[in-house]
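Right, one structure below, let's go through it.
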Protein chains: 2
Amino acid sequence: MSRNPAAREPLPSIPLPAVKRLSLYLREIEELLDHGRTTVSSKQLGQALSLTDAQVRKDLGYFGQFGQPGIGYSVAQLAAELRRLLGSDQVSNVCLVGVGNIGRALLDHAGFRRKGFHLVGAFDVSESIVGQSVHGVTVHPMADLPRVVREQAVRFGVIAVPAPAAQSVCDALVRAGVSGILNFAPKRLQVPPHVSINSVDLAVQLEQLAFQVMLAQRG
Amino acid sequence: MSRNPAAREPLPSIPLPAVKRLSLYLREIEELLDHGRTTVSSKQLGQALSLTDAQVRKDLGYFGQFGQPGIGYSVAQLAAELRRLLGSDQVSNVCLVGVGNIGRALLDHAGFRRKGFHLVGAFDVSESIVGQSVHGVTVHPMADLPRVVREQAVRFGVIAVPAPAAQSVCDALVRAGVSGILNFAPKRLQVPPHVSINSVDLAVQLEQLAFQVMLAQRG
DNA sequence: ATTTGTGAAGTGTTTCACAGCA
DNA sequence: TGCTGTGAAACACTTCACAAAT
């Protein structure tokens, strides 16, 4: 039924920007859900996210037909569909490498748990911190990484170490068998094709903001 | 001279993705500079950033003609040009609102200072932390925001408060007169057109990574 | 009347391919 | 030869606009 080319989900290659917006739709939908809203139109969703209504319909259309003409989208149904698509309806185990300032903040970040990520272990090279429990998570020596990843079925690794150490930590996570890496070190990392990576450079974010301001004022 | 359409910089509207890559070019170039490299080709730069050589040349071409045929780009010259373009050759003052886990990490983040950002003040609603000095930065009550922004010529505000408080903090920063806002709260913020904004949702980053992994494994 | 879902059109970005220079 | 700078072509993404559904 319908003109889906295959039984399983997203064969017709979906624009990457659309994929990235999916999380933002879910974030907005969950807020509507908390506020007791039952339906929402593409126009309203678009306004909340600074997108056009057509964009919202196209994006959601890549993943299924969730709306009702004349009515809009059911908030509850859309929340469920997006959670299923994004996998946040099931818990994934995550480990952290680097228990410095950023690492510590991430260990206590409520948003991770809310989205189905469970931080099951932290790692650091500093002997003075190994063995401690930070925000309820035990800090292991780096040598334990393979064992913990195996025993706890860790799917994702978060890198929060200084730039010079980042690539070797990345390699260690890949060898240990994680499927994805979230990198906060200010360094481009090389990973094999079967591992996905997402990098966030905090200072670059500020720099890009400053440049946007400059363009807005001069340009 | 040359075919620049005007005396001042970037009139011919530059693709936003190109603008965002500029910081990444600078990060890479600075590493080459540290390693003593004197020249680099578009191909080499591209490989380091997972871009094509043509992309690198196009991007840099939007801002000037920095290369030499047959040779490549002078690392030192390109570093200087990029720093000038991005404004990291001059210091900008920044303030932080929200001294929780993430806020604390940002106050001690070396990357900001290195890129010419100077954190001159922090703000929080919690009376127990106001008046303290965290990583060398004084924590003020929210009421002092307008005065500090004015007296210290603060250009950028960083938001690291819980989502429900984010919009009102954002409004306060705009009223105080900042030009740009970097938002870490998991919430879409509305700003007037003369203010630029850049948002980073840490949990969304992990969620997007998880989705990429899923697409790579199924799709 | 309102709103979805979606081909077609329009816009934006990347890649190609090559002239020109070192 | 090796490499840049850049129009032209290719590709990707967004917006338009309207038939179909309620």
Side-chain angles (χ1 to χ4, degrees), chain A residues 1-5 9-22 24-25 29 32 37-78 81-82 85 208 212 215 219, chain B residues 1-5 9-22 24-25 29 32 37-75 77-78 81-82 215 219:
Chain A
M1 41 232 72
S2 90
R3 61 190 57 187
N4 250 6
E9 230 88 20
L11 277 203
S13 91
I14 296 160
L16 192 66
V19 166
K20 296 212 158 186
R21 280 190 292 269
L22 229 48
L24 303 178
Y25 291 130
I29 280 288
L32 294 174
R37 284 283 298 276
T38 58
T39 63
V40 66
S41 70
S42 56
K43 194 169 181 179
Q44 294 166 327
L45 250 183
Q47 254 156 0
L49 295 174
S50 308
L51 302 169
T52 65
D53 54 335
Q55 177 97 75
V56 173
R57 292 197 299 279
K58 260 270 145 93
D59 285 352
L60 297 178
Y62 290 121
F63 300 96
Q65 301 184 169
F66 308 131
Q68 274 185 282
I71 309 290
Y73 300 84
S74 151
V75 171
Q77 188 205 334
L78 193 49
E81 293 285 1
L82 289 174
L85 278 166
Q208 288 174 348
Q212 281 170 230
L215 284 182
Chain B
M1 42 226 76
S2 90
R3 60 189 59 187
N4 250 7
E9 231 87 23
L11 276 203
S13 93
I14 295 159
L16 191 66
V19 166
K20 295 211 158 188
R21 280 190 293 269
L22 228 50
L24 301 178
Y25 290 131
I29 281 287
L32 293 173
R37 284 284 297 277
T38 57
T39 62
V40 67
S41 69
S42 56
K43 194 168 182 179
Q44 295 165 327
L45 250 183
Q47 254 155 1
L49 295 174
S50 309
L51 303 169
T52 66
D53 54 337
Q55 177 99 75
V56 173
R57 292 197 299 278
K58 259 271 146 93
D59 284 352
L60 298 178
Y62 289 123
F63 300 97
Q65 302 183 167
F66 308 132
Q68 274 185 283
I71 308 292
Y73 299 85
S74 152
V75 171
Q77 188 205 333
L78 193 49
E81 294 283 2
L82 289 174
L215 284 182

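All chains are named by letter (A, B, ...) in the order of the sequence lines, taking the proteins before the strands, and each is independently numbered beginning at 1.
Taking atom CZ on B/F66 and atom P on D/dT6, their separation rounds to 11 Å, with Å as the unit. Distance B/I14 CD1 to D/dG5 C1': 15 Å, rounded to the nearest Å. Separating the CG atom of B/L51 from the P atom of C/dT13 is a distance of 15 Å, rounded to the nearest angstrom. Between the C1' atom of D/dA21 and the OH atom of A/Y73 lies a distance of 13 Å, rounded to the nearest Å. Whole-Å rounding puts the A/D53 CG to C/dT4 P distance at 8 Å. Rounded to an integer number of Å, the gap from CD of B/Q65 to P of C/dA22 is 12 Å. Taking atom CD of residue B/Q55 and atom P of nucleotide C/dT14, one finds them 4 Å apart after rounding to whole Å. Here C/dT13 presents its C1' atom at 16 Å from CG of B/L60, a figure rounded to the nearest Å.
Looking at heavy-atom distances under 4.0 Å, B/L16 makes contact with sugar-phosphate atoms alone, never a base. Residue contacts shown for B/G61 are absent, as no nucleic acid heavy atom lies under 4.0 Å away.
Donor-acceptor pairing under 3.5 Å, judged by distance alone, is absent between the side chain of A/K43 and the base of C/dT3. For a distance-only test at 3.5 Å, the side chain of B/K58 fails to qualify as a donor-acceptor partner of the base of D/dT6.
The side chain of B/S42 contributes an N or O atom lying less than 4.0 Å from OP1 or OP2 of D/dT4. In this structure, B/R21 reaches the C/dT14 phosphate: one of its side-chain N or O atoms is under 4.0 Å from OP1 or OP2. Contact check, A/R57 against C/dT4: a side-chain N or O comes under 4.0 Å of OP1 or OP2.
In the set D/dT4, D/dA17, C/dT13, the nucleotide with an atom closest to the side chain of B/S41 is D/dT4. For A/P15, whose side chain is taken as the heavy atoms from C-beta onward, the closest listed nucleotide among C/dT13, D/dC13, C/dA17 is D/dC13.
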